[in-house]
Amino acid sequence: MTMPQIGAGTFRLQGQQAIDSVANALDLGYRHIDTAQIYDNESEVGQALAQSGVARGEVFVTTKIWTEHLAADALIPSLEESLRKLRMDTVDLTLIHWPSPGAAVPVAESMRALMGARERGLTRAIGISNFTIPLMREAIDAVGAQNIATNQVELHPYLQNRAVAAFAREHGIHVTAYMPLAYGKVLDDPAIQAIADRIGATPAQVTLAWLLAKGYAVIPSSTLRANLESNLAASRLQLDADAVAAIDALERGERLVSPDFAPAWD
């Protein structure tokens, strides 16, 4: 199953809020749901999926392995626990959420364990998240670029991650943009608002359309049904070259997600 370009993210969604957000997304037509072990909402995502009436085969589901579970003897058991919570036999995509802090677990060890999970049928595809160019090289050396479905990274108008995206593209690795609306900062950006006013769209739609035009997948999240619906409509928006160039010019290296265990960024 091909990953739909627009997905519903679930970062920071808990309890009934997570259930409602996923239920609304599925009802509106989303067919790509993104979760993670550390979000502590896989059970809620699984419940919403089970109650949605949407066939399992129609929804692309991604989860991510947390740093505590990256060792070869821990990764597969942790994924099996995720599947139990999600009420699934297999997930469509499993990512290494963050590279092991301090390189405590080698990239190659985790990637080969992921390959083992795929061979067991626990996941249909594998990938990485928050990987720099040197770490992508390690992952490629371990399992081959053809086996890495995506690198999910922070990517928005203020942090365009151009070097990482170019390296990924060169090696045939898809890019998924998380935090695509920069925690909502793009909604008040004058340049983006001007484009939105000119074409009769919202700043969020313009930003998502810009990312989609570059071939990235996007996984914005929202607790509001109206926002989920509006974001999904971004796939029908076409930006002209001037609009794309204006957003390209907003790059300022503003990284919003950089925990103390993050790798040395490119």
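Quick note: residue numbers are just sequence positions, from 1.
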Would you call L79 and T63 a side-chain contact if the rule is heavy atoms closer than 4.5 Å?
-> yes
Would you say the side-chain atoms of S129 pair up with the backbone N or O of I96, donor to acceptor, closer than 3.5 Å?
-> no
Counterpart residues, side-chain contact (heavy atoms from CB on, under 4.5 Å), relative to P4 (two or more places apart) | R31, H32, F60
Taking all non-hydrogen atoms of both residues, which atom of Q5 and which atom of G215 are closest, and how far apart?
-> NE2-C, 3.7 Å
With hydrophobic residues grouped by side-chain heavy-atom distances under 4.5 Å, do V54 and I19 end up in a single group?
-> no
Can you check whether Q17's main-chain N or O pairs, donor with acceptor, with S21's side chain at less than 3.5 Å?
-> no
Side chain to side chain donor-acceptor pair (under 3.5 Å) partners of S78, counting only residues at least two apart | Q37
Where the side chain of T150 meets the backbone of H174, is there a donor-acceptor pair that is under 3.5 Å apart?
-> yes
ILVMFWY clustering at 4.5 Å (side-chain atoms), partners of F11 | I38, Y39, W66, W98, Y178, M179, Y183, I219, L256, V257, F261, W265
I247-V186 co-clustered via ILVMFWY side chain contacts under 4.5 Å = yes
R112: partners by side chain to side chain donor-acceptor pair (under 3.5 Å), with sequence neighbours left out = none
Mind checking what makes salt bridge (charged side-chain N to carboxylate O under 4.0 Å, His left out) contact with R124, not counting sequence neighbours?
-> D92
Can you find a pair of side-chain heavy atoms, one from I148 and one from M111, that are under 4.5 Å apart?
-> yes
R252 atom CZ, neighbour heavy-atom count above 12 within 6.0 Å | yes
Is the shortest side-chain N to carboxylate O distance from R162 to D248 below 4.0 Å?
-> no
E58, CD atom: more than 12 neighbouring heavy atoms under 6.0 Å = yes
Of the non-hydrogen atoms in S110 and L70, which two are nearest, and what is the gap between them?
-> OG-O, 2.8 Å
Between the main-chain N or O of P157 and the side-chain N or O of Q160, is there a donor-acceptor pair closer than 3.5 Å?
-> yes
Heavy atoms only: give me the nearest L93-A149 pair and the separation to one decimal.
-> CD1-CB, 3.8 Å
Name each donor-acceptor pair under 3.5 Å that joins a side chain in residues 138-145 to protein atoms two or more places apart or in another chain, with its distance.
none

Taking the side chain from E154 and the backbone from A177, do they hold a donor-acceptor pair closer than 3.5 Å?
-> no
Enter the distance from N151:CG to I173:CD1 here, rounded to the nearest 0.5 Å.
-> 7.0 Å
Does T202 use its side chain to pair, donor to acceptor, with the backbone of Q205 at less than 3.5 Å?
-> yes
So do the side chains of D20 and T223 get within less than 4.5 Å of each other, counting heavy atoms only?
-> no
Before accepting this row, confirm whether a basic side-chain N of the pair D242/R198 lies closer than 4.0 Å to the acidic partner's carboxylate O.
-> no
Who passes side-chain contact (heavy atoms from CB on, under 4.5 Å) against A113, sequence neighbours left out?
-> L75
Supply the atom-to-atom distance T90 OG1 to L122 CG, rounded to the nearest 0.5 angstrom.
-> 6.5 Å
When rounded to the nearest 0.5 angstrom, what distance separates CD1 in I76 from CD in E81?
-> 14.5 Å
Listed by chain and number, what are the salt bridge (charged side-chain N to carboxylate O under 4.0 Å, His left out) partners of R255, not counting sequence neighbours?
-> none
Contacts of type side-chain contact (heavy atoms from CB on, under 4.5 Å), residue S222, not counting sequence neighbours = L224, N227, L228
With sequence neighbours excluded, tell me which residues meet side-chain contact (heavy atoms from CB on, under 4.5 Å) with P106.
-> E109
Out of curiosity, Q14 CD to E44 CD, how far, rounded to the nearest 0.5 Å?
-> 7.0 Å
Do the non-hydrogen side-chain atoms of T62 and V91 ever get within less than 4.5 Å of each other?
-> no
Where the side chain of R169 meets the backbone of G172, is there a donor-acceptor pair that is under 3.5 Å apart?
-> no
Looking only at heavy atoms, which two atoms of A23 and A48 are closest? And how far apart?
-> N-CB, 4.1 Å
Residues that Q152 engages under side chain to side chain donor-acceptor pair (under 3.5 Å), provided they are two or more places apart | D34
Who are the side chain to side chain donor-acceptor pair (under 3.5 Å) partners of D189, not counting sequence neighbours?
-> Y158
So does R225 pair up with D27, basic N to acidic O under 4.0 Å?
-> yes
How far apart are the closest heavy atoms of A204 and N231, and which atoms are they?
-> CB-OD1, 3.9 Å
Nearest heavy-atom approach of A196 to P203 is CB-N, 3.8 Å
Can you find a heavy atom in the side chain of L237 that is under 4.5 Å from one in the side chain of I199?
-> yes
Check for a donor-acceptor pair, side chain of N161 on one end and backbone N or O of V153 on the other, with a separation under 3.5 Å.
-> no
Taking the side chain from T176 and the backbone from A217, do they hold a donor-acceptor pair closer than 3.5 Å?
-> no
Looking at CZ of R84 and CD of E42, how far apart are the two atoms once the value is rounded to the nearest 0.5 Å?
-> 10.0 Å
Between S235 and L232, is there a donor-acceptor pair closer than 3.5 Å when you use the side chain of the first and the backbone of the second?
-> yes
Are R118 and T94 side-chain neighbours, meaning at least one heavy-atom pair lies under 4.5 Å?
-> no
